[in-house]
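Below you'll find the structure, written out as C-alpha cells, and then a few comments.
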Amino acid sequence: MRKYTYNHSRIVFKKLSLLLFGLLISTATLAHGPDLSHGEYAALPLHQEKQLGQQFMREVRQQLPLSDDPIVNDYITHLGLHLASFSPRADFSFHFFVVQSSEINAFAGPGGYIGINSGLILAAHSERELAAVMAHEIAHVTQRHIARSIENANRLQWASILGLLAAIPAGIQSPDAAIGLIGATQAAALEKMLGFSRDYEREADDVGIQIMAAAGYSTAGMTEFLKILLANHYPSDYDPIIENLSTHPDSAERVARSLTFEDQPQTTSERFDSRQFHLIQARLLIEAYQNTTVLTKDLKEDLDSHKTPPASLRYALALALLQSNQLTQAQQQISRLTKQFPDELILQMTALQITQAQGKTDIALKGLKQLYNDHPDYFPLLLQYAKALTANGQTRQALKLLQAERSEHQHDLAFLTTLASTQNAAGDKIDMYQTQADIYLILGQEAKALALLQNAKRISGDRIEMAKIARKIKAIRKSATSKKN
C-alpha cells in the first residue's frame, strides 16, 4: 500500500516536544541503568508519581486530540501490556493511548502513561517496528527516568514540574506555544540538561531492545524503525540549531548502536507479524483523512494496481466506502475479506457495522450477539453490540450488558460515553448525569461534574440515592480544596 499523507501537517521527525521532556529527564550521566528492581526515590516515590501521571493525563486530554476508536486503543493497550510484562518492572501500571498527530513521535509521561502518535504507527512497516518504539518508551518508565531526574535537580520546584507537564502536550502540537509555557528561566537551563537526557535515551534504547527480545520480537525491529527516523531526520528545512538542541542522540548513532544487538539470540521464538497491525493502520488512515472522496479514489487505483492486493488495502477501501455511505460497494469489499479471513474478528465486526448501516438491523444484531457470545472479553465488541442494541430500541438489554462491565471499565472514557448515551436513551436521567459527571472528573473538569451531580440530586426522589450523590459531591469538593492547599 502506498504511503498516504495526511491532510494536515507533513510527517517529519523533529521531536521538539522532547525538549520540554528533557527538563524533566536529565542530570545523571550513565551508560547503563542501575538495578531498579527495588529502587525508590525520595523526591518522587511511586505513589506520588502516580498522582503526577493522572495530572499529566488530564493535561493531555485537554490539549491533544486522542483517538477514540476502541479497536485501535484495545490493540495498542494489549501490545503495550504484552511488552511491559517482560520489562524489568513488570509490576508497574501502564496506560497506553494514541494521539491523532502526523508527527512520527511517542512519549512517556509520569505514572506509566505512554502516548503513541498515529503518524508513527502509520510510518512503521511492521508490528516489530512499533514494538521497538513502545519498548523504548516502557524503558523510560521502568528505569524511573523522571524520578531519577527530579532526585538530582534540586532547583526544579514542584510548581515548575506541573507547569512542564502542561507544556509537554502543548509542544507536541506547537513548539512555539510550549516555549512560551516553560518560561525564560527554565529555558536557560535547557542546554545544560540536554546532554544528560541523551544518556537516558541511549539507556532506553538498550533496555527497550532487551524488552522486545524477551517479548518475542526480533531486535531488527529497533534498527528498522531507527532507519525510518533517520530518513525523516533531515527534511529540506533542516535546522542545525534544532538538531543541536535535540534531546535524542543522533539517529545515525542510534542505528549503529542497535545493530550490535541484532546477533543476540532471542529468548523466545520470533513473533510473526500481526495481521491486526495492518488493519489498525487502515483504521488510523481513515481516521486521519477528512476528504474520503479523494482517499477512496486513490485506494481504488492502488487496489487495481496490485495483482494480489494486501488485505489492509482492501480493508481501508471498505472503511472509506462505509464512511462515504457507499454501502453496497463497502459490503462487496468486506465480504471478500471475511471469506479470505473468516476468523478475523475485526473484519467480522466491520461487516456487521456495514450491514447495520444498510438497515438490516435484525441480521446485524443476530451476528453481533453470536460474536459477543464467542468473544465476551473483547471490549470493542461489547461497545459495538451495546450501541447496536440501543439504536434498535433495546436499551434495557444494552444497559444490562454495560452495567455488568462497569467496575472493570469505570475509568474508560469510551465505555462511560457509551453508557451515558444508553442511559439517556433509556430515560434514566439521574444515572446519566452521574455517568457524565464521572467523565468530567476524568477530564479534570470538577465544576461541570459538580453541576451535573447537583442536577441529579435535585430531580431524585429517592433518599438513599440523594445521600449517595451528596457523598460524591462532598468528596469532589474536599479533593478540590486539598489541591488548592
Side-chain angles (χ1 to χ4, degrees), residues 50-51 54-55 57-62 65-71 73-74 77 95 97 353 356 361 364-365 368-369 372-373 376-484:
K50 182 179 178 181
Q51 295 173 349
Q54 293 170 347
Q55 172 65 26
M57 198 60 206
R58 281 194 287 269
E59 296 288 350
V60 166
R61 289 192 179 104
Q62 290 175 18
L66 304 186
S67 174
D68 59 0
D69 185 337
I71 292 177
N73 290 324
D74 184 85
T77 295
H95 312 271
F97 56 94
Q353 184 182 0
Q356 184 177 354
T361 307
L365 283 175
L368 285 169
K369 182 179 180 179
Y372 184 69
N373 289 337
D377 297 326
Y378 189 51
F379 178 60
L381 179 56
L382 166 70
L383 296 184
Q384 183 174 338
Y385 187 25
K387 289 176 183 178
L389 287 168
T390 301
N392 196 43
Q394 300 179 44
T395 54
R396 290 299 158 190
Q397 188 175 346
L399 283 174
K400 184 178 179 181
L401 283 173
L402 294 170
Q403 292 289 6
E405 299 290 333
R406 179 158 191 172
S407 60
E408 187 171 347
H409 303 289
Q410 59 183 324
H411 301 299
D412 188 283
L413 287 176
F415 176 84
L416 292 175
T417 301
T418 302
L419 177 59
S421 177
T422 305
Q423 289 168 334
N424 183 50
D428 297 343
K429 297 294 184 184
I430 298 172
D431 290 339
M432 181 195 69
Y433 286 147
Q434 293 184 73
T435 301
Q436 288 181 326
D438 290 339
I439 293 172
Y440 281 125
L441 287 175
I442 292 174
L443 296 174
Q445 300 179 32
E446 287 86 357
K448 291 182 178 180
L450 285 170
L452 285 168
L453 290 174
Q454 293 285 12
N455 284 340
K457 182 182 176 184
R458 177 174 51 80
I459 65 175
S460 176
D462 185 284
R463 289 188 176 181
I464 296 177
E465 185 73 25
M466 292 172 68
K468 184 177 75 171
I469 296 171
R471 285 195 297 271
K472 285 184 180 180
I473 293 172
K474 184 179 179 181
I476 294 170
R477 286 174 172 166
K478 183 178 179 180
S479 176
T481 302
S482 64
K483 286 179 183 178
K484 290 179 181 180

List in chain and number order the residues that pass side-chain hydrogen bond (donor to acceptor under 3.5 Å, both in side chains) with Asp69, two or more places apart in sequence or in another chain; answer none if no residue qualifies. Arg283
Between Ala386 and Ala398, the two heavy atoms sitting closest are O-CB, 3.6 Å
To the closest 0.5 Å, what do you measure between CD (Gln397) and CG (Leu389)? 5.0 Å
So, Gln51 versus Gln55: side-chain donor-acceptor pair below 3.5 Å or not? no
side-chain contact (heavy atoms from CB on, under 4.5 Å) between Glu465 and Gln434: does it pass, once the steps are laid out? CA-CA 11 Å; Glu465 185 73 25; Gln434 293 184 73; 2.6 Å; yes
Look at the side chain of Ser479 and the backbone N and O of Ala475, then say whether any donor-acceptor pair between them is shorter than 3.5 Å. no
Smallest heavy-atom separation, Pro380 atom then Pro70 atom, equals CG-O, 3.5 Å
Determine whether Lys387 and Leu368 make a side-chain contact, defined as any pair of heavy atoms from C-beta on separated by less than 4.5 Å. no
One pair to check against side-chain contact (heavy atoms from CB on, under 4.5 Å): Glu405 and Leu383. What are the steps and the verdict? CA-CA 11 Å; Glu405 299 290 333; Leu383 296 184; over 6 Å; no
For the student: nearest non-hydrogen atoms of Gly444 and Arg58, plus distance: CA-CD, 3.1 Å
Short side-chain donor-acceptor distance under 3.5 Å, Gln356 and Gln384: no
Side chains of Asp412 and Phe379 in contact at under 4.5 Å (non-hydrogen atoms): yes
Separation between NZ of Lys472 and CG of Leu450, rounded to the nearest 0.5 Å: 12.0 Å
In this structure, are over 12 heavy atoms from other groups packed under 6.0 Å from Lys50 atom NZ? no
Side chains of Gln403 and Leu419: closer than 4.5 Å at any heavy-atom pair? yes
Pairs flagged by salt bridge (charged side-chain N to carboxylate O under 4.0 Å, His left out) wherever residues 416-438 is involved - sequence neighbours left out: Arg396-Asp428, Arg406-Asp438
For the atom pair OG1 (Thr77) and CZ (Phe97), what is the distance rounded to the nearest 0.5 Å? 10.5 Å
Just how far is it from atom CZ of Arg471 to atom CD1 of Ile469, taken to the nearest 0.5 Å? 10.0 Å
Does any non-hydrogen side-chain atom of Asp462 lie less than 4.5 Å from one of Ile430? no
Is there a donor-acceptor contact under 3.5 Å from the side chain of Asn392 to the main chain of Gln394? no
Any Phe415 side-chain heavy atom under 4.5 Å of Thr435 side chain: no
Is the backbone N or O of Ser67 less than 3.5 Å from a side-chain atom of Asn73, with the two atoms forming a donor-acceptor pair by type? yes
Side chain proximity check, Leu441 to Glu446, heavy atoms < 4.5 angstrom: yes
Test applied, side chain to side chain contact (heavy atoms under 4.5 Å, CB included); reference residue, Gln436; option that passes from Thr417, Leu452, Asn424: Leu452
Just wondering, do Leu416 and Ile442 contact through their side chains at under 4.5 Å, heavy atoms? yes
Distance, nearest 0.5 Å, that separates OG1 of Thr422 from CE of Met432: 12.0 Å
How about Tyr372 and Leu382: do any of their side-chain heavy atoms sit closer than 4.5 Å? yes
Any donor-acceptor pair under 3.5 Å from Thr418 side chain to Ala414 backbone: yes
